[in-house]
> 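One structure, as structure tokens, below. Some questions next.
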Amino acid sequence: MEYSDMEGGVCIFLFENAWKYITYHKYNSIILLIAIVWGGLFPLLAVNDINDVIRDGEVSRYEDASRVVVIEYMMEYKSEAEIEEAISRCQEKELFETAGYAFSQNEIVYADDESYTCGICSISERYLHLAGCELISGEFLSPDDYAADEEKVCLLGTRGALVEDGVRVGDVIEIAGENYRVKGIVRAPRSYGSVLVPYADTADLFSVLGTHFQYQIITYGEEQPNPRSLARSLFRLDDGNEGLIEARTGAELEEIYYDSIWKVNRYRILRAAIVVVLAGISLLLLFAGIILREKKDMAVRIALGGSRTMLWLESVIRNLLLVLSAFCITLLLYPGISKMIMGTGSRLLFRTVLQVGISVTVLVVLIDSIVFFVGFRRRNVVQTLKE
């Protein structure tokens, strides 16, 4: 028999022994499985919370912050044609290559007979790319969606009340008597609104309100732009509106943004880290107790000539089978349980699944190794058999 065949036979033997042990002690195994499933939800929630904060930061980074200027201001509604004309003038002067613009206003939105106060963010075609948005599900807006005679569609931000309350791609929401089909759900941390609609769609809605709106224009162009000069080139600034406008480079804005995001989320990250540490300690104690409970059986098998290495491998496989089964069940239950615990369904990031899965696997192997090294030395085995 070749060595590889022998090795394969040993692996099968170990898996069979591990599975027989689990099924023989089925009631204990079921209780352990339930404990691991329930306990695994909390590190998943905690790690996912940390990853969510980190992902917001990643998505919000500009491709080249040194070539970006963001102009934000409060002013009367301007039509799409007026803004396009101003942007064209700046492009003719080669002040920047591309620009995206948006304005936002709070409005009542209806979905499934419920009403919500949402920020409506009207965006140009280039805005999504320049602002840094990530598609979670569905599709981004297409050029056809900006045509006046097309079906009215929108995007929803992941942080908005509509998504948190279960509105998904394909659902219809109502804004000012008009129906909008949800085309996609996006991660858009920098956007002021949670409902993103094509700019042209809101002309009739907002142009007659005669109030001030929060505008944002993102430009991408020369390497060291002067924000105030760009603002003056785009719009006439005088004593009346000079104080209502802010213009910063992308680098300045990123520094402000990341400083604030970590301050706001510091408690959230600290809380999650504490949960992860406690979960790790609980898992350590749980599996250490499981292995030590089998101490007498292990001692007998070692005394009868059983290999410590083989017994260690069998214990590792047995515990990993329990953890793998529990982890799969936890992933299936995660959306419902997270909604029950947090009041809203939390979307599980793939990186979270990898991080928690690999960490638990390493932890189980480490625990088995430590317990076997400490608890099943020759003197300990002899003492156990005497007792």
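Quick caveat, the model's predicted, so the values are computed rather than measured.
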> When rounded to the nearest 0.5 angstrom, what distance separates CG in Leu324 from CD1 in Ile36?
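Reported to 0.5 Å precision, the distance equals 11.0 Å.
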> So, for Ala161 and Tyr116, which heavy atoms are closest and what is the spacing to 0.1 Å?
CB-CD2, 4.0 Å
> With a 4.5 Å cut-off on side-chain heavy atoms, are Asp49 and Arg271 touching?
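A side-chain contact exists here, since the closest heavy-atom pair is under 4.5 Å.
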> With side chains defined as the heavy atoms from C-beta onward, is the minimum distance between Phe327 and Leu44 less than 4.5 Å?
yes
> Would you name the heavy atoms of Ala99 and Leu130 that are closest together and state the gap between them?
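Residues Ala99 and Leu130, closest heavy atoms: C-CD1, 3.7 Å.
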> After noting the C-alpha distance and the side-chain angles of Lys183 and Ser142, does the key distance pass the side chain to side chain contact (heavy atoms under 4.5 Å, CB included) rule?
CA-CA 10 Å; Lys183 189 172 184 179; Ser142 68; 3.6 Å; yes
> Could you measure the distance from the CG atom of Leu196 to the OH atom of Tyr127? Nearest 0.5 Å is fine.
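It is 8.0 Å, given to the nearest 0.5 Å.
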> Are Leu333 and Val356 co-members of a hydrophobic cluster defined by side-chain heavy atoms under 4.5 Å apart?
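Cluster IDs for Val356 and Leu333 match.
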> Could you check whether Asp145 pairs with Arg181 (Lys NZ or Arg NE/NH1/NH2 to Asp/Glu carboxylate O, under 4.0 Å)?
no
> Less than 4.5 Å apart, any side-chain heavy atom of Glu125 and any of Leu141?
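Of all side-chain heavy-atom pairs linking Leu141 with Glu125, none is under 4.5 Å.
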> How many angstroms lie between CG in Leu363 and CG in Asn319, if you round to the nearest 0.5 Å?
11.0 Å
> How close do Ala111 and Leu162 get, counting heavy atoms only, and between which atoms?
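Closest heavy-atom pair between Ala111 and Leu162: CB-CD2, 3.9 Å.
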> Write down the atom of Val276, the atom of Pro43, and the distance for their closest heavy-atom approach.
CG2-O, 4.5 Å
> Run the side chain to side chain contact (heavy atoms under 4.5 Å, CB included) check on Val323 and Thr361 step by step: do they pass?
CA-CA 8 Å; Val323 167; Thr361 299; 5.7 Å; no
> Taking Tyr146 for the side chain and Ser124 for the main chain, is one N or O donor matched with an acceptor at less than 3.5 Å?
yes
> Check for me, please, whether Leu278 and Leu45 land in the same ILVMFWY cluster - side-chain distances under 4.5 Å, paths through other members count.
no
> Has the side chain of Asp171 got a donor or acceptor atom that lies under 3.5 Å from a matching backbone atom of Val182?
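Here the side-chain-to-backbone pair does not exist.
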> Indicate yes or no: at least one non-hydrogen side-chain atom of Ile83 is less than 4.5 angstrom from one of Tyr199.
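The answer is yes, as the side chains (C-beta and beyond) meet within the 4.5 Å cut-off.
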> If you take all heavy atoms of Val163 and Gly157, which pair is closest and at what distance?
CG2-O, 3.3 Å
> Say you draw a straight line from CG of Leu41 to CG of Asn48; how long is it, rounded to the nearest 0.5 Å?
12.0 Å
> Can you tell me how far CG of Leu366 sits from OG of Ser359, rounded to the nearest 0.5 angstrom?
12.0 Å
> Between Leu155 and Tyr110, is there a shared hydrophobic cluster once you connect ILVMFWY residues whose side-chain heavy atoms come closer than 4.5 Å?
no
> For the pair Ile54 and Arg351, evaluate side chain to side chain contact (heavy atoms under 4.5 Å, CB included) and give the outcome as yes or no after the intermediate values.
CA-CA 11 Å; Ile54 294 171; Arg351 69 168 66 173; 3.7 Å; yes
> According to a hydrophobic-cluster definition based on side-chain heavy atoms being under 4.5 Å apart (Ile, Leu, Val, Met, Phe, Trp, Tyr only), do Phe42 and Ile274 belong together?
no
> Please report the interatomic distance CD1(Ile136) to CZ(Arg187), rounded to the nearest 0.5 Å.
5.0 Å
> So which atom in Gln355 and which in Val47 form the shortest heavy-atom distance, rounded to 0.1 Å?
OE1-CG1, 3.3 Å
> Could you go step by step and tell me if Leu156 and Val186 meet the side chain to side chain contact (heavy atoms under 4.5 Å, CB included) rule?
CA-CA 6 Å; Leu156 299 183; Val186 296; over 6 Å; no
> With the side chain counted from C-beta on, respond yes when Leu322 and Val364 share a heavy-atom pair under 4.5 Å apart, and no when they do not.
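Not in contact.
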> Does atom CZ of Arg55 have more than 12 heavy-atom neighbours from other groups under 6.0 Å away?
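Enclosed: over 12 neighbouring heavy atoms sit under 6.0 Å from CZ of Arg55.
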> Look at the side-chain heavy atoms of Ile, Leu, Val, Met, Phe, Trp and Tyr, link any pair under 4.5 Å apart, and say whether Val360 and Val365 land in one connected group.
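Per the 4.5 Å side-chain linkage, Val360 and Val365 are co-clustered.
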